[in-house]
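Note: hydrogens, waters and symmetry copies are ignored here, and every other heavy atom, side chains too, is used.
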Amino acid sequence: MAKVKTTSRLRGRSANSLWIGVYNSILLLCLPLIALILLKKWLRKPGYKKHFLQRLGVYGCKRLPACIHLHGVSVGECAAIAKLIPELRKQHPHLPIVFTCTTVAGSNYIERHWGEQVTHTYLPLDFQLTVGAFLTHFNPVLTMSVEMEWWPNLIRQSRNQGSRVMLVNARMTDRSKNRYANMLGLFTFMVSKVHKILPQSELSYQAFRELGVPPEKLMLCGNIKYDWPELKHADPAQKPSHLTWIAGSTHDTEEIAVVAAHKQLLQQNPAAQLIIAPRHPERFDDVWRLLQASGLSCQRYSHAPTLTANTQVYLLDTMGKLFAFYRDAHVAFIGGSLVKLGGHNPAEAIVQGAAVVMGSSRRNCEDICAPLSQAGAFVEGNEPQQIAREVIGFWQNSATTAQQVQAGQAAIAKHNGALHKTTLQVLYQLKQAQRPVHSTRLHPMVIR
C-alpha cells in the first residue's frame with residue numbers, strides 16, 4: 001500500500017512538473033512578442049518607463065526579511081484589496097506590506113493613497129528568474145492576489161519558499177471557466193499551490209467547484225468591492241438643481257459616444273453638464289483635444305478645479321477624485337462597457353446616489369448589474385441617442401429615480417460584511433504562516 005501511495009505521489013509531481021514546464025516553455029517561445037509589447041508601451045506610455053526595471057526583478061529599495069504581499073492589476077483591484085491594509089497594519093505592525101500592481105494607473109493610485117504605508121513596486125513578469133528575484137528580495141510570508149490574477153510561477157515559487165498563498169475576492173466568469181477548462185492540468189496545478197480561495201459571489205464559487213477545486217479550499221465571503229463599512233450611502237434626492245451626469249472610467253472611443261449624447265441632451269436641457277473621467281491618465285491630453293474640437297464649452301480640472309456654471313463638458317483629468325464626483329451626479333455612465341473590456345464597477349456610482357447607464361459589455365460586473373437592473377437603478381445604453389434618452393429619463397422622473405437608486409443601494413448593502421469575513425480569513429492565514437524569517441530558498445529554476 002505504501003508503495004502504491006509513493007508511486008501515485010511521484011506521478012503527481014511528474015504531472016505538475018510537466019504542466020509548469022509547458023507553461024514556461026510557452027513563455028520562452030513568446031519572449032520576442034513580449035519584448036515587442038514592452039517596447040511599444042515604453043515608447044507610447046511615458047509613465048511606463050518609470051521603474052521599468054522592477055518588471056524585470058531589479059529593485060532599488062532595501063531587502064526585507066519578511067513582508068505581506070498584496071497584488072492587484074489596476075486601480076479597481078488595488079482599491080479593493082487596499083481595504084485590508086488598515087487592519088493588517090493594526091494586527092501586524094511589525095510586518096511591512098509590499099503592494100504590487102501591473103498598470104501605470106494602479107501605480108499612481110498606490111503612490112497617492114498608500115505611499116507612506118506600504119512599499120510599492122510593479123509585479124515582475126512571470127518568468128522563473130524575475131519572480132525568483134522578487135521573492136528573494138521581499139520574502140513574503142503571505143501572498144494575496146485579487147480577482148483573476150493567476151500567475152503560475154508566482155504562485156508556485158511563493159508556495160515553495162514557504163509563503164501562504166491566497167486569492168481574495170476571486171472572480172470566475174463563464175469565459176474564464178471555459179478557458180481554464182481547456183487547460184485544466186495547469187489550473188489544477190495552481191490550485192494545489194494555493195492555500196485559500198475566497199470567491200466574491202455564489203456564481204464564482206460554483207464555477208470553482210465545477211473546475212474541481214476542493215470545497216475546503218474555498219470560502220464564500222462576498223465582494224469587498226461593494227462593501228464600504230464606513231461610508232454612508234448618499235441621498236439620491238440631494239443633487240444639484242441642474243442636470244449633471246458623469247462618464248466615469250471611459251476608454252478610447254467611449255468619449256466620442258458620450259459627447260455625442262451630451263449634444264443631444266443640450267437640445268432639451270441647455271444647462272446640462274457632463275463630467276468625463278478617463279480611466280487612464282496617459283489619455284487625458286488626447287481626450288482634452290477631443291473636447292476642444294467638439295464645439296462645446298470645456299473646462300479641465302487641472303487648470304480650474306471648480307466647475308463653473310457655463311461649462312458644458314468638464315474633464316476630470318486627475319486620479320482618485322471620481323468616487324467623490326459621483327455624489328454630485330444625477331446619472332453616471334460607466335466606462336469599459338461600450339468596448340470589449342467587460343465594464344467597470346457601477347456600485348461606486350449607486351452608493352453615491354447616481355443612477356447608472358452602461359453598455360452591453362458587462363462581464364466583469366454582471367453579478368451586481370442584475371440586482372441593480374431589477375431595482376430600476378441601472379439601464380443599458382449602447383448608442384449616443386439611447387444614452388441621451390436614458391439620462392434624460394432618469395432626470396425627468398427624479399422622484400422615481402431616487403426610489404430606484406435607494407433600492408439599488410439596498411441591493412449593494414447585501415454585500416455588507418464581505419470585508420470583515422475576508423479580513424478574518426487573511427488574518428488566519430497570517431497566523432498559520434510560521435515560516436522562519438531566514439529560511440532556505442529554492443533556486444528559482446528548480447521545478448517542484
Sub-4.5 Å side-chain heavy-atom contact between [X] and [Y]:
X      : Y      : answer
Phe333 : Val391 : no
Arg156 : Gln128 : yes
Ile350 : Leu372 : yes
Val98  : Pro140 : no
Lys225 : Glu147 : yes
Tyr314 : Leu316 : yes
Leu84  : Leu419 : yes
Val191 : Tyr180 : no

Subject >> Contact summary for Cys365 and Pro346, nearest pair of heavy atoms >> reply: CB-CD, 3.9 Å
Subject >> Non-hydrogen atoms of Thr136 and Arg63 that approach each other most closely >> reply: O-NH2, 3.2 Å
Original post:
Between Phe52 and Trp42, is the gap from one ring center to the other below 6.0 Å?
Top reply: yes
Subject >> Centroid-centroid distance, His120 to His113, less than 6.0 Å >> reply: no
Looking at [X], I want to see if its [atom1] is surrounded by more than 12 non-hydrogen atoms of other residues, nucleotides or ligands under 6.0 Å.
X      : atom1 : value
Lys217 : NZ    : yes
Lys177 : NZ    : yes
Glu383 : CD    : no

Roughly how far apart are [X] [atom1] and [Y] [atom2], rounded to 0.5 Å?
X      : Y      : atom1 : atom2 : result
Ile26  : Leu31  : CD1   : CG    : 14.0 Å
Glu77  : Cys101 : CD    : SG    : 10.5 Å
Leu186 : Trp19  : CG    : CH2   : 7.0 Å
Leu142 : Cys67  : CG    : SG    : 9.0 Å
Leu39  : Leu43  : CG    : CG    : 4.5 Å
Gln425 : His195 : CD    : NE2   : 13.0 Å

Side-chain H-bond candidate by donor/acceptor type, [X] with [Y], under 3.5 Å:
X      : Y      : result
Arg164 : Gln432 : no
Asp328 : Thr244 : no
Thr103 : Ser74  : yes
Gln206 : Glu202 : yes
Asn182 : Arg179 : no
Ser145 : His71  : no
Asn364 : Arg171 : yes

Original post:
Considering residues at least two apart in sequence or located in another chain, which fulfil the side-chain hydrogen bond (donor to acceptor under 3.5 Å, both in side chains) criterion with Arg362?
Top reply: Glu380
**OP:** Run through Trp151, Phe134, Phe99 and flag the one making a ring-ring contact (aromatic ring centres under 6.0 Å, His included) with His69.
**Re:** Phe134
Original post:
Relative to each other, are the rings of Phe138 and Tyr59 parallel, tilted or perpendicular (30° and 60° limits)?
Top reply: perpendicular
Original post:
Do the ring planes of His344 and His251 sit parallel (below 30°), tilted (30 to 60°) or perpendicular (above 60°)?
Top reply: parallel
